[in-house]
Amino acid sequence: MTGFFITLEGIEGVGKSTLMDFVADWLRQKGRRIKLTREPGGTRVGEAIRKLVLDNAHNGMVADTELLLMFAARAEHLDKVIRPALKAGKVVLCDRFTDASYAYQGTGRGIPFDRIAVLEKWVQQDLKPDLTLLLDAPVKIGLARAAKRSEKDRFESEAVTFFNEVRTSYLKIAEKEPGRVKVIDASKPLEEVNQQVLTILESEIEV
Ligand code: TMP
């Protein structure tokens with residue numbers, strides 16, 4: 001079995017954790033070995049960076065600093081977790097990846113995409129996700145769900161306009177790369193969301 005790299009994307013509160021469980025169960029049923037992970041995070045250094053970037057104590061962090069920290073965590077993650085798991089033939093299921101850097105630091109914070117592309121090339125070389133599942137729902141729905149959870153982190157504290165821009169940015173990425181990025185309507189009831197996901201998994205993943 002060759003490795004396969006799946007990433008999950010979407011604004012806060014669209015149901016990424018539920019999707020992660022659903023996809024993981026499906027892969028296990030098909031007999032695939034999987035590695036579940038997340039960004040920023042997935043390694044000791046990455047989790048330390050995650051704590052730093054999500055901490056409200058760092059409000060007003062310079063956008064470039066934020067971007068570089070995301071890619072610093074990613075470099076560690078690729079080297080220690082993602083590449084070894086793919087090499088071992090596993091399916092890597094990662095909660096967020098580089099599309100989030102384009103959507104949040106690029107469109108959200110205003111960093112030009114070509115500067116992000118330099119870091120992408122530097123850190124990933126030619127590695128890209130094989131499949132990206134983008135959960136899409138109106139910002140109002142996502143934020144209402146996210147509000148029910150614990151205290152807001154530094155990103156969750158952003159204004160609705162920020163998330164509208166992030167959502168639009170994700171949809172543009174999906175439009176540009178329809179082969180890799182599959183959009184799921186996350187505003188639908190869970191049963192229907194799962195059905196959409198199932199259809200995608202069955203057509204995109206060789207098991
Ligand atoms: P989450 O994984 O719990 O959704 O939170 C991680 C936060 O980090 C989320 O608000 C999006 C943000 N993020 C970026 O801004 N850029 C990135 O490259 C990544 C991976 C995450």
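Being a predicted model, the structure only gives us computed values, none of them experimental. Numbering of ligands and ligand atoms starts at 1, following listing order.
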One pair per line, please: each N/O atom of ligand 1 matched with every protein N/O atom under 3.5 Å away, atom names first, then the distance to 0.1 Å.
residue, atom, partner, partner atom, Å
ligand 1, 2 (O), Arg96, NE, 3.4
ligand 1, 3 (O), Arg50, NH2, 2.9
ligand 1, 4 (O), Lys16, NZ, 3.4
ligand 1, 4 (O), Arg96, NE, 3.0
ligand 1, 4 (O), Arg96, NH2, 3.1
ligand 1, 10 (O), Glu12, OE1, 2.8
ligand 1, 15 (O), Gln105, OE1, 3.4
ligand 1, 15 (O), Gln105, NE2, 2.8
ligand 1, 16 (N), Gln105, OE1, 2.8
ligand 1, 18 (O), Arg74, NH2, 3.0
ligand 1, 18 (O), Ser101, N, 3.3
ligand 1, 18 (O), Ser101, OG, 2.6

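- Look at Arg109 and Glu158 and you find a salt bridge, because one of the NZ, NE, NH1 or NH2 atoms lies within 4.0 Å of a carboxylate O, short of that distance.
- The salt bridge (charged side-chain N to carboxylate O under 4.0 Å, His left out) contacts involving residues 187-196 comprise Asp185-Lys188, where partners must be two or more places apart or lie in separate chains.
- Between Tyr104 and Tyr170, the two ring planes are perpendicular [angle over 60°; tilted spans 30° to 60°].
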Throw together a table of side-chain donor-acceptor distances under 3.5 angstrom for residues 55-62, partners on residues two or more places apart or in other chains.
residue, atom, partner, partner atom, Å
Asp55, OD1, Ala57, N, 2.8
Asn56, OD1, Arg154, N, 3.4
Asn56, OD1, Ser157, OG, 3.4
Asn56, ND2, Lys152, O, 2.9
Asn59, ND2, Asn56, O, 3.4

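- For the pair Arg167 (side chain) and Ala137 (backbone), a donor-acceptor distance under 3.5 Å is present.
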N/O donor to acceptor pairs below 3.5 angstrom from side-chain atoms of residues 75-88, sequence neighbours left out:
residue, atom, partner, partner atom, Å
Glu76, OE2, Lys80, NZ, 2.4
His77, ND1, Glu39, OE2, 2.8
His77, NE2, Thr37, OG1, 2.7
Arg83, NH2, Gln124, O, 2.8

